[in-house]
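Read the structure below first, then the notes.
Values below: all heavy atoms of this structure, side chains included; hydrogens, waters and symmetry mates excluded.
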Amino acid sequence: MNHIIHVILTGGVGSRLWPLSRKRFPKQYLNLFKGGSLFGMTVARNHALCDKVTVVGNCDNYLLSKEIMEAQGVDYTDIVEATPRNTAAAIAFAAFAAQPEDILIVTPSDHVIVGDEAYEHAMQEGIEKASKGYIVTFGIQATRPETGYGYIEYEGDQVLSFREKPNQDTAEDFIEQGNFLWNSGMFCFRADTFLAELQQFEPKVYATAWAAWQNRNGDMLDEALSAEIPSISIDYAVMERSKKIRVVATRFEWSDLGSFESLYEYLKETGHNVDENGNMVIGTELFTAFVGLRNTILVYTKDALLVVQKERSQDVKKIYNTLERHQSKLID
């Protein structure tokens with residue numbers, strides 16, 4: 001009997017949400033939301049769809065996942081990566097842990113999704129296609145020319161192309177053409193289908209990931225063997241090369257909350273205070289006044305303060321990258 005397994009990927013740092021999001025406490029565990037943490041909402045959202053759960057985490061965050069899973073009373077398989085090697089390897093580990101005929105629903109742990117019925121309908125459509133041997137990606141209806149997302153060009157359930165994050169003009173062209181979806185980073189496939197395609201297109205990723213898996217110590221993967229795995233995303237390794245790809249054009253509302261602009265919009269919709277000029281404070285109840293500023297976000301933490309124009313929030317990653325180059329403890 002095959003199982004439907006929810007595979008939760010937790011490896012993201014959320015660098016564009018610094019200083020809220022840190023290596024040891026990334027955005028998916030922050031309790032900023034009415035439903036709790038993004039990780040907790042991800043688990044609950046898929047509970048009725050799947051009969052097993054696998055969490056692929058890392059040394060920095062697996063205990064955070066464990067705390068939430070235990071609080072929700074969810075039994076799960078824990079896979080702890082010794083060093084991050086991107087999504088192709090992470091998903092391969094989950095597939096190694098499954099039976100060949102099991103169907104995996106792979107989701108990030110840091111997305112907001114609204115519309116339970118539409119979500120369930122999309123997942124059921126994905127499961128049906130996956131059972132026929134297809135590798136399914138889920139596309140989101142593009143509602144604006146967003147430069148922070150990748151895009152899927154499609155016709156029916158056929159993928160015509162995958163596109164990288166575009167500039168503003170290109171994003172506007174995509175919206176005008178009308179046959180482009182945002183790439184959600186969610187997938188569905190049989191374990192054996194994915195592994196066969198990975199082995200065909202990226203045999204070194206497959207072989208080195210298998211070696212690390214075979215030599216794991218309990219939930220922990222071997223660090224030296226893991227370091228040998230090429231770091232490559234599922235998009236480059238499989239999705240852009242396989243002939244078995246199908247897309248489900250979804251109807252639910254979605255955000256990856258990948259920037260302070262998207263977090264701002266979500267918090268505003270759920271009742272977070274915004275002043276008459278569109279300014280918002282996150283992280284403190286200290287009285288804060290904005291003079292001569294519009295659409296500005298002030299983010300407070302105990303060791304850092306960020307002030308950012310909402311429309312420039314993608315640039316926060318530059319600050320994170322600079323701190324990382326200087327090995328600053330402010331990103332830990």
Side-chain angles (χ1 to χ4, degrees), residues 6 8-47 53 55-72 74 76 78 80-81 84 90 107-114 148-149 184-186 253-274 279-286 288 296-308 310 313-317 319-321 323-324 328-332:
H6 181 204
I8 308 175
L9 306 179
T10 70
V13 175
S15 58
R16 287 175 293 170
L17 287 183
W18 180 90
L20 291 179
S21 188
R22 311 287 182 104
K23 284 184 176 181
R24 297 186 186 277
F25 210 95
K27 65 175 179 175
Q28 56 265 33
Y29 303 105
L30 298 172
N31 284 310
L32 287 173
F33 315 98
K34 287 188 175 180
S37 68
L38 295 174
F39 180 91
M41 289 190 283
T42 300
V43 175
R45 181 184 309 123
N46 292 275
H47 180 71
V53 181
V55 177
V56 185
N58 57 48
C59 296
D60 289 331
N61 69 22
Y62 78 98
L63 291 177
L64 299 173
S65 299
K66 182 180 180 181
E67 182 179 343
I68 295 172
M69 298 298 276
E70 289 181 347
Q72 293 194 12
V74 178
Y76 71 108
D78 198 13
V80 183
E81 293 184 287
T107 74
S109 58
D110 56 359
H111 291 182
V112 168
I113 290 173
V114 178
Y149 300 150
S184 71
M186 299 189 294
E253 295 180 37
W254 170 93
S255 173
D256 73 344
L257 292 190
S259 68
F260 277 109
E261 183 171 11
S262 57
L263 179 61
Y264 173 103
E265 297 299 339
Y266 174 79
L267 292 176
K268 182 179 177 181
E269 289 177 9
T270 55
H272 196 92
N273 186 55
V274 178
N279 300 306
M280 177 183 287
V281 176
I282 300 174
T284 181
E285 295 182 359
L286 286 172
T288 305
T296 299
I297 306 168
L298 184 146
V299 184
Y300 175 92
T301 68
K302 64 181 181 181
D303 59 355
L305 192 66
L306 172 72
V307 181
V308 59
K310 177 164 67 75
S313 61
Q314 295 286 345
D315 293 341
V316 172
K317 188 171 184 177
I319 300 172
Y320 182 94
N321 291 341
L323 292 170
E324 188 173 38
S328 171
K329 292 184 179 180
L330 287 172
I331 65 173
D332 291 337

Next item on the list: Show your working on salt bridge (Lys or Arg N to Asp or Glu O under 4.0 Å) between R24 and D332 and close with a plain yes or no.
Entry: CA-CA 6 Å; R24 297 186 186 277; D332 291 337; 5.3 Å; no
With rounding to the nearest 0.5 Å, note down the distance linking [atom1] in [X] to [atom2] in [Y].
X: E265; Y: M280; atom1: CD; atom2: CE; result: 8.0 Å
X: M69; Y: I8; atom1: CE; atom2: CD1; result: 5.0 Å
X: D60; Y: E81; atom1: CG; atom2: CD; result: 11.5 Å
X: T288; Y: I282; atom1: OG1; atom2: CD1; result: 11.5 Å
X: D303; Y: K329; atom1: CG; atom2: NZ; result: 11.5 Å
X: I319; Y: L306; atom1: CD1; atom2: CG; result: 5.5 Å

Taking C-beta and beyond as the side chain, do [X] and [Y] meet within less than 4.5 Å on heavy atoms?
X: P19; Y: R22; value: yes
X: K310; Y: T296; value: no
X: E253; Y: I113; value: no
X: V308; Y: L298; value: no
X: N273; Y: V281; value: no
X: S184; Y: W254; value: yes
X: V299; Y: L20; value: yes
X: T10; Y: V56; value: no

Shortest non-hydrogen contact between [X] and [Y], atoms and distance:
X: V55; Y: Y76; result: CG2-CD1, 3.7 Å
X: Y264; Y: N279; result: OH-N, 4.5 Å
X: N58; Y: G11; result: ND2-CA, 3.9 Å
X: Q72; Y: A44; result: OE1-N, 4.0 Å
X: S262; Y: L257; result: OG-CA, 3.2 Å
X: G12; Y: Q28; result: O-NE2, 3.4 Å

Does [X] reach the main-chain N or O of [Y] with its side chain, forming a donor-acceptor pair under 3.5 Å?
X: S313; Y: E261; value: yes
X: T270; Y: L267; value: yes
X: W18; Y: L323; value: no
X: T42; Y: L38; value: yes

Note to self: I'd like to know whether OH of Y320 has more than 12 heavy-atom contacts from other residues, nucleotides or ligands below 6.0 angstrom.
What the structure shows: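 Yes, enclosed.
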Margin query: For the CD atom on E67, are there more than 12 heavy atoms of other groups (residues, nucleotides or ligands in this structure) within a distance under 6.0 Å?
Written below: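 Result for CD/E67: open.
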Note to self: Checking D256 against Y149: is there a side-chain donor and acceptor pair closer than 3.5 Å?
What the structure shows: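 On atom types as modelled, these side chains qualify, holding a pair under 3.5 Å.
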Check: Does a donor on one side chain and an acceptor on the other come within less than 3.5 Å for H6 and T107?
Finding: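 Note: H6 and T107 side chains meet the donor-acceptor criterion.
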Next item on the list: Begin from the C-alpha positions of V43 and V74 and carry the test side chain to side chain contact (heavy atoms under 4.5 Å, CB included) through to its verdict.
Entry: CA-CA 9 Å; V43 175; V74 178; 4.0 Å; yes
Checklist line | Basic-acidic side-chain contact under 4.0 Å: K27, D110 | finding: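 Salt bridge flag = yes for D110 with K27.
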Notebook entry, point to check: Of the options S109, S65, S37, which is the one that meets Y29 in a side chain to side chain donor-acceptor pair (under 3.5 Å)?
Noted result: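 Exactly one pass, corresponding to S65.
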